[in-house]
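Here you go, one structure.
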2 protein chains.
Amino acid sequence: MALAPPLPDATADELAAMYKALADPTRIQMLHMLSAAEEPICVCDFTAAFDLGQPTVSHHLAKLKQAGFVDSFKRGVWAFYRLRDDMPKSARAALATIPR
Amino acid sequence: MALAPPLPDATADELAAMYKALADPTRIQMLHMLSAAEEPICVCDFTAAFDLGQPTVSHHLAKLKQAGFVDSFKRGVWAFYRLRDDMPKSARAALATIPR
């Protein structure tokens, strides 16, 4: 049976990388919280919410940033994170799969 | 700032496991092809489509089955795979993020 032509390699690779960023329960929780938040969330608030050290929290947020879900800014010594308004379409669709 | 209460651990864990199954370009391609196919697809056809040995192809399909996307049946010596009609809601939503 003839199978549908494959997606371009780059498309499949990008999607796989995005799913890899989502394949972690802490990062899913972070996206859940960012979706519900009315303001950007400080790394310090994430650190308080999870039973993890701040470097681990920052590592998870860096993964989400790399995957295109969030961006960040500094306010004094603290980094704040928020969902990107302009995230890639696939990221937006993936975000919609996380329950509110 | 008060963050939204986290999702139940089991919910976050299940979603993470599902995304782990998707975090592979070959498995994404397989789901793309299964979505387009009008009939179940034989392991032999997947093996021909990808430059991979049949055990690797079967391993990928087993991962997709474990994650709830596909089920399989035997016809003679060959295993055939198809998308589940009754896949979990989160799997259905995740499947929708893969371009046609």
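Per chain, numbering begins at 1; letters A, B, ... match sequence-line order.
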Taking heavy atoms only and a threshold strictly under 4.5 Å, list by residue number the residues of residues 42-57 of chain A that touch chain B; give 'none' if the list is empty.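 Interface residues of residues 42-57 of chain A: Asp45(A), Phe46(A), Ala49(A).
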Find the one option among Ala4(A), Ala36(A), Pro6(A) whose heavy-atom pairs under 4.5 Å with chain B are most numerous.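 Among Ala4(A), Ala36(A), Pro6(A), the one with the most close pairs to chain B is Pro6(A).
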Go through the atoms of Leu15(B) and report whether side chain, backbone, both or neither lie under 4.5 Å from a heavy atom of chain A.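 Both backbone and side chain.
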Less than 4.5 Å to any heavy atom of chain B: does that hold for the side chain of Glu14(A), its backbone, both, or neither?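 Interface part for Glu14(A): neither.
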Measure Glu39(B) against the heavy atoms of chain A and call it side chain, backbone, both or neither at under 4.5 Å.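 When you check distances to chain A, atoms from both the backbone and side chain of Glu39(B) fall under 4.5 Å.
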Listed by residue number, which members of residues 22-35 of chain B have a heavy atom under 4.5 Å from any heavy atom of chain A? Leu22(B), Ala23(B), Asp24(B), Pro25(B), Ile28(B), Gln29(B), His32(B), Met33(B)
Work out which heavy atom in Pro99(B) is nearest to a heavy atom in Thr11(A); give both atom names and the distance.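 For Pro99(B) versus Thr11(A), the nearest heavy atoms are CG-CG2, 4.1 Å.
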Only pairs of heavy atoms separated by less than 4.5 Å count here; which of Leu3(B), Asp9(B), Leu7(B) has the most with chain A?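 Of Leu3(B), Asp9(B), Leu7(B), Leu7(B) has the most heavy-atom pairs under 4.5 Å with chain A.
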Identify the heavy atoms of Ala94(B) and Thr97(A) that sit nearest to each other, and give their distance. N-CG2, 3.7 Å
List for me each residue that meets side-chain contact (heavy atoms from CB on, under 4.5 Å) alongside Pro5(B), sequence neighbours excluded, and say none if there are none. none
Could you tell me which residues satisfy side-chain contact (heavy atoms from CB on, under 4.5 Å) with Arg84(B), sequence neighbours excluded, listed by chain and number? Asp71(B), Asp86(B), Met87(B), Pro88(B)
